[in-house]
Amino acid sequence: MRDRLLILSVFIVASCGLAYELIAGALASYLLGDSVLQFSSIIGTYLFAMGLGSHCSKYVKEERALGTFIDVELLVGLIGGLSALFLFLVFAWANAPFRTVLYALVLICGALVGMEIPLVMRVLNQRKTAFADIVSRVLTFDYMGALAVSLLFPLVLAPKLGLARTALLFGLLNVGVALWTARVFRHELKNPLHFYLRGGIVLMLLAGSFVAAERLTAWSEKAIYGDEIIHAQTSPYQRLVLTKWQDDLRLYINGNLQFSSRDEYRYHEALVHPVLEKTPWAKRVLVLGGGDGLAMREILRYPQIEHITLVDLDPAMTTLFSTSAPLVALNKGALKDKRAHVVNEDAGQWLEKNNGVFDAIIIDFPDPSNFALGKLYSVPMFRLVNRHLAQNGLMVVQSTSPMHAPRSYWSINKTLEEAGFVTTPYHAYVPSFGEWGFIIGAKQAGYTPPTAYRLPMKFLDTESTRQMFFFPPDMQKIEVEANRLNNQSLVHYFEQDWSRVLR
């Protein structure tokens, strides 16, 4: 029975070990920007540290293997459990050493996790368990635990508990394993009371932190964003934070500003009206992304529009912007309009299985900061968009900044051209973002910018429109690669461009 309990602890230990690795990667992507290089480096560092821990475990004396395993569990529970909360606080109050602290925690936690399995195997070996049985049983439960947490983390734990409380939950599980092991094997320990005492202290610390986690993370996020946080939510896809200062509402996704209510009209007027003003016959419009409903608000101002389909991956986003009173006031209830049909699905998959043709297509995806988003700006994706655009229709895509990210911007333009579009680039000044870029795509040449608008505008008029389609010498076209799925050059351009701008 004791052997079976020890083997069962391997399942929990493996779950906790992988959880800390996933939490570190997810937290880094939320706070520093999601990139394959970053996530890969954290995984690589963690696995390297596990190797060091496995090596160091051989220096533990045989008679100390069981006691050391319990101590390691307590340390893993303490350090891993508090890691996310501690990193939030470090990022909020001492931004500069965040990376150093992050990788230091990954190394320490990984080394401790690496010691666990070798120690368990040695304890089992001391109990005369056959070597083949030790290896097969330990590794079976190790891999089963990893599978369980890899499914639960993105689907249940992170969305329901958040990163800080998820880490604390697994920390409590590690401490539970330590206390459980000390209780079951108390007759084989020299002084089990010491293990109970240490375990009880760590257990109370983690439990107290679990209760206070929401308040502490809110406090740290307020320091990060600078304004009062009125809504914070972790979905399976992203971290949504809404802040307010006086009359300014701001939405952040994974720490990146998406809009400010004070000047978002500039962005959305520039995104929508140069297309719809030139397609007065448009009745059916497709919006990809734009789950905030702000682009839809502008589209619905045209009386001839009969149907809008909005495809946004995250139901948390569209639910928030269709139920929160200040946000519904901002988008004028666009997501609940009788002409609107909201679909929560991956845009590429939706385009693959639907055959509808649209007079205008508005693409308002987040910036291509990682490969998951970069595929939405790829040649195959834009070819799918082309297939759904009417012969005389127009599409437009937000395309990051031609000033601060010129290679990214012109790569999107090149990608659209390879997908069969005749492109017309333009840009607009949005105070919250600076100079921002858009690109219109058509199936045939001949697009000319509007010289007047049928609807009243806050920002657009004849002169501002003329300036949008003029590129000064410091924003001229440059030669870059198109964004293809096999290399996703756009994501690399994006990281390189913005790394030179952001501090």
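Remember, predicted model here, so these are calculated numbers, not experimental data.
- Looking only at distances, no side-chain donor or acceptor of Ser411 sits under 3.5 Å from a matching main-chain atom of Ser408.
- Judged by distance alone, the side chains of Ser432 and Asp263 do bring a donor and an acceptor atom under 3.5 Å apart.
- Between Asp346 and Lys375 there is a salt bridge, with a side-chain nitrogen of the basic residue lying less than 4.0 Å from a carboxylate oxygen of the acidic one.
- Residues Phe494 and Thr400 have side chains in contact (heavy-atom distance under 4.5 Å, counting atoms from C-beta outward).
- Between the side chain of His268 and the backbone N or O of Glu264 there is at least one donor-acceptor pair closer than 3.5 Å.
- The shortest side-chain heavy-atom distance between Trp180 and Ile12 falls under the 4.5 Å cut-off.
- Under the 4.0 Å criterion applied to side-chain N and carboxylate O atoms, Arg407 and Glu495 are not assigned as salt-bridge partners.
- Asp364 and Gln398 share no side-chain donor-acceptor pair at under 3.5 Å.
- Of the possible polar contacts, one joining the Asp312 side chain to the Gly291 backbone as a donor-acceptor pair under 3.5 Å is found.
- Under a 3.5 Å cut-off, the side chain of Ser57 and the backbone N or O of Pro118 do not form any donor-acceptor pair.
- Within the 6.0 Å centre-distance limit, the rings of Tyr267 and Phe438 are counted as a close aromatic pair.
- Judged purely by distance below 3.5 Å, without hydrogens or angles, the side chains of Asn174 and Tyr20 pair a donor atom with an acceptor atom.
- Inter-residue side-chain proximity for Ile363 and Phe382 is flagged as met; some heavy-atom pair is nearer than 4.5 Å.
- In this structure a side-chain-to-backbone donor-acceptor pair under 3.5 Å is present from Ser261 to Leu249.
- The closest side-chain donor-acceptor pair between Ser41 and Tyr103 falls under 3.5 angstrom.
- Side-chain contact between Thr243 and Glu228 is absent, with no heavy-atom pair separated by less than 4.5 Å.
- Contact annotation: the side chain of Leu87 approaches that of Leu105 to within less than 4.5 Å [non-hydrogen atoms, C-beta and beyond].
- When atom types are taken as modelled, the side chain of Thr319 and the backbone of Ala316 share no donor-acceptor pair closer than 3.5 angstrom.
- Looking at Thr415, its side chain never comes within 3.5 Å of a backbone N or O of Asn413 through a donor-acceptor pair.
- Between the CZ atom of Arg484 and the CG atom of Asn486 there is a distance of 7.5 Å, given to the nearest 0.5 Å.
- A distance-only check finds a donor-acceptor pair linking the side chain of Asn354 to the backbone of Trp350 [under 3.5 Å].
- Remark: the backbone N or O of Asn344 is not paired with any side-chain donor or acceptor of Thr318 at under 3.5 angstrom.
- For Lys414 and Glu481, the salt-bridge test fails: no basic side-chain N is under 4.0 Å from an acidic carboxylate O.
- Residues Tyr46 and Glu21 come closest through the heavy atom pair CD2-OE1, 3.6 Å.
- For the pair Arg198 and Phe195, the cation-pi test (distance below 6.0 Å, angle within 45°) is passed.
- Using modelled atom types and a 3.5 Å distance limit, the side chains of Asn483 and Ser378 yield no donor-acceptor pair.
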Residues Ile439, Trp410; criterion side chain to side chain contact (heavy atoms under 4.5 Å, CB included); working and verdict: CA-CA 10 Å; Ile439 301 171; Trp410 294 110; 6.0 Å; no
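- Centroid-to-centroid, the aromatic rings of Tyr409 and His404 stay 6.0 Å apart or farther.
- With a 4.5 Å cut-off on side-chain heavy atoms, His492 and Leu490 do not count as touching.
- Remark: side-chain polar atoms of Asp292 are paired, donor with acceptor, to backbone N or O of Leu294 under 3.5 angstrom.
- Closest approach of Ala24 and Ile42 over heavy atoms only: O-CD1, 3.7 Å.
- For Arg183, the CZ atom is loosely surrounded, since the number of other residues' heavy atoms within 6.0 Å does not exceed 12.
- A 4.5 Å side-chain heavy-atom check between Val241 and His231 finds every atom pair outside the cut-off.
- In this structure, Phe48 places its CZ atom where only 12 or fewer heavy-atom neighbours from other residues, nucleotides or ligands lie under 6.0 Å away.
- Looking at heavy atoms from C-beta onward, Thr323 lies out of side-chain contact with Val328 at the 4.5 angstrom threshold.
- Looking only at atom types and distance, the side chain of Asp314 has a donor-acceptor partner in the side chain of Gln238 under 3.5 Å away.
- A cation-pi contact, defined as under 6.0 Å to the ring centre and within 45° of the axis, links Arg165 to Phe210.
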Trace of the side chain to side chain contact (heavy atoms under 4.5 Å, CB included) decision for Gln488 with Val491: CA-CA 6 Å; Gln488 292 229 30; Val491 177; 3.4 Å; yes
